[in-house]
Structure formats: C-alpha cells, structure tokens
Amino acid sequence: MKKAYLIPVLLSIVIGFVIGKTMCDEYHTTSETKSVFQTTNSLKVYYLQYGVYSNEENMKKSVLSLPYYIYRIEENQYHVYIGITSKEENVAKLQEYFQSFGYVTYKKEGYIKNQNYMEQLNTLDEMLTKVTDQKTINDINQKILENYKEE
C-alpha cells in the first residue's frame, strides 16, 4: 500500500521543483531594479548653497547684498540657496556666474516632488543649457527661484 503513494508523491515533488526553478530563473532574467525616487515621482536637483545660519536675524543680515535667494529651515538652521538646477552641467555654469560676482557656492543634492515646479524647472534648465551671456543666465536663474515651491 505504501508503494502506491510513493510514486505520486515523488512525481509531485519533481514537477514542483521543475516549475519552481523555471519561474525563479525567469524572474532573475526579466526583473529590473528601479530607483525608489523614480517611483515616488521626485526629481533630483542641485541646490547652490550660499550659507547656513543659526538664526533668521543673522541670515537676513548676510543676504542683504543678494538680489534674490530662497531659504529652507533644515535641522533648526537656515540654509540659503541662490541657484537650483536639475542638470549637472548647469551647476558649473551657475557656480562660475556667481563666482564672477564674488559669491562662493556649494553644490548640495536634493529631491523635489512638486510636479508643476518640476515641469517649469525642466523648461528653464533647457534654456539655461543653451545660453552663455550673464544677463540671460541671471534672468533664468531668477525665474527658477521665483517659481520655487515645495509641496
């Protein structure tokens, strides 16, 4: 009686093993790893940081000479940014532009989630990529900062 059950059990194990191995092999050959940030609809951006201040009063005194800027409060400190771009090649262009006026900036990576701002930034970044004169760089960067909104 035990021999009658042995063949179906062994056959089931072998068939299960073959099907399982086939599925695992197929999964490994067709799977694609995606970045977490791509699935959350965020955009990697580069902030050009001008400075970090411990309080708002010190920050406001320091930025009097700046024509435009934005600031964010991060870890109880005021971070001042004078440029934002989503294209790494524009970082160098903006840093060079600000350096010509004596401003020292630091590149800081971040992510934004505001869909409307992402579209505006992409459009303005494309324009910034194509220009070389300082007035146009200034105008585009000012527009990028004016439109900045976090979600």
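No experiment lies behind these values; they were computed from the predicted model shown.
- With sequence neighbours left out, the ring-ring contact (aromatic ring centres under 6.0 Å, His included) criterion links Phe101 to Tyr97.
- Note that CD of Gln142 is 10.5 Å distant from CG of Asn147, once rounded to the nearest 0.5 Å.
- A search for side chain to side chain contact (heavy atoms under 4.5 Å, CB included) contacts involving Tyr69 returns Val63, Leu66, Tyr71, Val80, Ile82, not counting sequence neighbours.
- Using a 4.5 Å cut-off between side-chain heavy atoms of Ile, Leu, Val, Met, Phe, Trp and Tyr, with links allowed through other members, Val104 and Tyr53 fall into different hydrophobic clusters.
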* To do: Evaluate the side chain to side chain contact (heavy atoms under 4.5 Å, CB included) criterion for residues Lys108 and Tyr81: first the C-alpha distance (whole Å), next the side-chain angles of each, then the deciding distance (0.1 Å), finally the verdict.
  => CA-CA 9 Å; Lys108 185 175 177 183; Tyr81 303 108; 3.1 Å; yes

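- For the pair Asp139 and Lys135, the salt-bridge criterion is met [side-chain N within less than 4.0 Å of a carboxylate O].
- Residues passing the side chain to side chain contact (heavy atoms under 4.5 Å, CB included) test with Lys44, sequence neighbours excluded: Tyr46, Glu109, Tyr111.
- Partners of Tyr117 according to the ring-ring contact (aromatic ring centres under 6.0 Å, His included) rule, which considers only residues two or more places apart in sequence or in another chain, are Tyr148.
- The residues Lys93 and Glu89 are annotated as not salt-bridged, no charged nitrogen and carboxylate oxygen being separated by less than 4.0 angstrom.
- Residues satisfying the side chain to side chain contact (heavy atoms under 4.5 Å, CB included) criterion with Lys21, sequence neighbours excluded, are Phe17, Asp25.
- Take Asn76 and apply the side chain to side chain donor-acceptor pair (under 3.5 Å) test, not counting sequence neighbours, and it matches no residue.
- Across Lys107 and Gln95, no two heavy atoms sit closer than the pair N-NE2, 3.8 Å.
- Distance check, rounded to the nearest 0.5 Å: CG of Asn114 to CD of Glu119 gives 9.0 Å.
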